[in-house]
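Naming: A, B, ... by sequence-line order, numbering from 1 per chain.
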There are 2 protein chains.
Amino acid sequence: MLVDLVNYIKVVSRMKEKTHELLDLLQEAAWFFGNRAFDGYCCEGLSFMEYQALVEIRRTENSSIQDVGKAIKFTKSGATRVIDRLERKGYARRQRSSADGRVCCVAITSRGKSVTSKITENYAAYLDDVLKDLDVRSLEMIADALRFLIAAARPPKVASAKSLPSTRRRSFS
Amino acid sequence: MLVDLVNYIKVVSRMKEKTHELLDLLQEAAWFFGNRAFDGYCCEGLSFMEYQALVEIRRTENSSIQDVGKAIKFTKSGATRVIDRLERKGYARRQRSSADGRVCCVAITSRGKSVTSKITENYAAYLDDVLKDLDVRSLEMIADALRFLIAAARPPKVASAKSLPSTRRRSFS
DNA sequence: CTAGAAAGGGTGACAATGTCAACTAGATTG
DNA sequence: CAATCTAGTTGACATTGTCACCCTTTCTAG
C-alpha cells in the first residue's frame, strides 16, 4: 500500500532526525567532558593518552604492555613508547614476567598513583563547578543516561566489529 | 554541634562519591562517543581536529581564521596550519576580507560540504548500530540528559574561566 | 628433540601535528 | 604621521604514534 510506504518513509526520516540530534548532542558533550577538556595536557607532564594508559595500568595491576596498548587503541610499538615515557617519568615500572619470559608486566608506582589521583581530583573539581547548579534528580537522570549509553557501546557486544570505519591505524596482530 | 559536623561530613563525602561516579561515566562515554571513536582519523584524509574545524567553518559561514582557531582551541598559528591543510585538500577556501585587509574569511567548498556530510553519516550509522536496542523512551531520556550537561558546560557561563588547569598551551593573545 | 612458526617486546626512520617566537602587512589612534 | 595593535604567516622545534623490521622466548608438529 502506498500509505504504508509513506508511513515507512516518515518513520525512517523521523528516526534519522532523532539520530542526528543525538549525534550532535553526543559530539558536543564529548567535547566538553572528553579529552579536549584536558586541553591536550592534563598535568604533571602527562598527555591525555599517557593518563589513560596509567589509569588502565592502575585498574588492572600487572597487565602486559600489549594489554595496555589495546585498552588505549595503540599498536604494540605505540604501547612500548607510552610505557617508555611513563617509566622514564617514574609513574610506571616494567618487570619481566616470571611465567613467560616474553611479556613485560607493567605496574604503577606510588608516584603514578598519586598523579592519577591528582588528575582525577582536578577533573572532579571541574565537574563540581560545572554541575553545581543541577539538582540531585537531574544528576541521577544524567548518570542513568550515561549508563545506558555505555552499556550499549561497550565491546562485550564483540563479535561484530563495533568501531567507526578508519582509513588508517591497523590494530594488533 | 558534633552531630551537625558529622552530618556535614557525611553529605560532603556522599557528594564526592557521586561526583566520582559521574566522572567515571562521563570519561567512559566520552571515550566511546568522542573523538577516539574516530580512531584518530575519520575519513577522506581528515584528522579529527580538521573535521572539527571544517564543521565550524560550515556552521559559521565566513568566519576568520582565528575564530576557527578559537572554536577548536588552537593558537593562531595552529589555526593557520589547519586551514592550510583544509585548503590544500580542497575542503575550504581563504579569501581576503574586503572590509578589513588583514582578516582572511574562510569558507567551505562544495567538496568540503560533501565530506563533512559523509563523515556525519558514518558516525550516524555507528550510532544507529550502537543504539539500535534502546527504546524511544530511553533515547529521549538520554537526549535530555545530554542537553542538561551541555547547557551546564557551555561557555555562556563565561566570565569565569571554565576549563581544566593546564600546564601548557597558552590561549590567544 | 628440534626446526620453524608464533607471539611479546623493542628500535630506527618517518610523517603528522601543533607550539613558540619572530615577522609582515593592514588598521587605529593620539 | 608615528606608534601601536591586530590578523595572519613562517621557520624551527618537540611530541607523538605509525610502519617495517629485529631479537628473544614460547609453542608445536614431525
Side-chain angles (χ1 to χ4, degrees), chain A residues 35-36 38-42 44-54 57 62-89 92-106 166-173, chain B residues 35-36 38-42 44-54 57 62-89 92-106 166-173:
Chain A
N35 58 1
R36 292 311 296 183
F38 282 90
D39 245 356
Y41 289 82
C42 332
E44 315 300 321
L46 276 184
S47 73
F48 181 70
M49 293 313 293
E50 284 164 1
Y51 168 66
Q52 291 294 321
L54 203 49
I57 292 170
N62 257 20
S63 39
S64 74
I65 291 194
Q66 299 217 40
D67 288 340
V68 176
K70 273 173 197 156
I72 61 178
K73 297 186 185 169
F74 275 17
T75 61
K76 60 178 183 165
S77 58
T80 294
R81 299 251 135 98
V82 193
I83 307 291
D84 280 349
R85 298 194 308 263
L86 290 177
E87 197 165 26
R88 197 173 330 122
K89 290 169 188 170
R93 202 169 357 86
R94 276 177 173 86
Q95 65 192 103
R96 225 79 212 183
S97 162
S98 48
D100 185 332
R102 293 169 300 180
V103 319
C104 268
C105 293
V106 191
S166 161
T167 49
R168 289 186 47 180
R169 303 225 177 174
R170 208 73 47 75
S171 55
F172 289 80
S173 58
Chain B
N35 58 1
R36 291 310 296 183
F38 281 91
D39 245 354
Y41 289 81
C42 332
E44 315 300 320
L46 277 183
S47 75
F48 182 70
M49 294 312 293
E50 284 165 0
Y51 168 67
Q52 291 293 322
L54 201 50
I57 291 170
N62 257 23
S63 39
S64 75
I65 289 193
Q66 301 218 39
D67 288 340
V68 177
K70 273 172 198 156
I72 60 176
K73 298 187 183 166
F74 275 16
T75 61
K76 59 179 183 163
S77 57
T80 294
R81 299 250 136 99
V82 193
I83 307 290
D84 280 349
R85 299 197 301 265
L86 289 177
E87 197 165 25
R88 196 171 333 119
K89 291 170 188 171
R93 205 171 351 89
R94 277 177 170 87
Q95 66 192 101
R96 225 79 212 182
S97 160
S98 48
D100 185 331
R102 293 168 302 179
V103 319
C104 270
C105 294
V106 191
S166 160
T167 49
R168 290 185 46 179
R169 304 226 176 170
R170 208 74 46 73
S171 55
F172 290 81
S173 60

**OP:** May I ask you to verify whether the side chain of Arg81(A) and the base of dG12(C) hold a donor-acceptor pair under 3.5 Å?
**Re:** yes
Original post:
Is any side-chain N or O of Thr75(B) under 3.5 Å from a base N or O of dC20(C), one able to act as donor and the other as acceptor?
Top reply: no
Original post:
So, does Arg96(A) use its side chain to make a donor-acceptor pair with the main chain of Arg102(A) at under 3.5 Å?
Top reply: yes
Subject >> 5′-ward residue of the pair Ala99(B)/Val82(B) relative to DNA chain C >> reply: Val82(B)
Original post:
Using a distance-only test with no angle check, is there a side-chain donor-acceptor pair under 3.5 angstrom linking Ser64(A) and Asp67(A)?
Top reply: yes
May I ask you to evaluate whether [X] reaches the phosphate of [N], defined as a side-chain N or O under 4.0 Å from OP1 or OP2?
{"X": "Ser47(B)", "N": "dT17(C)", "answer": "yes"}
{"X": "Arg85(B)", "N": "dA16(C)", "answer": "no"}
{"X": "Thr80(B)", "N": "dT9(D)", "answer": "yes"}

Original post:
Between Ile57(A) and Ser63(A), which heavy-atom pair has the shortest distance, and what is it?
Top reply: CA-OG, 4.5 Å
Subject >> Distance in angstrom units between Phe48(A) CZ and dT17(C) P, rounded >> reply: 19 Å
Original post:
Can you tell me how far CD of Gln95(B) sits from CG of Asn62(B), rounded to the nearest 0.5 angstrom?
Top reply: 6.0 Å
Original post:
Looking across every strand, which nucleic acid part, if any, lies under 4.0 Å from Gly101(A) by heavy atom: base, sugar-phosphate, or nothing?
Top reply: sugar-phosphate
Original post:
Among the nucleotides dG8(D), dT26(D), dT10(D), which one has an atom lying closest to any side-chain atom of Ile65(B)?
Top reply: dG8(D)
**OP:** Hey, which sits more toward the 5' end of DNA chain D by its nearest nucleotide, Gly78(B) or Val103(B)?
**Re:** Val103(B)
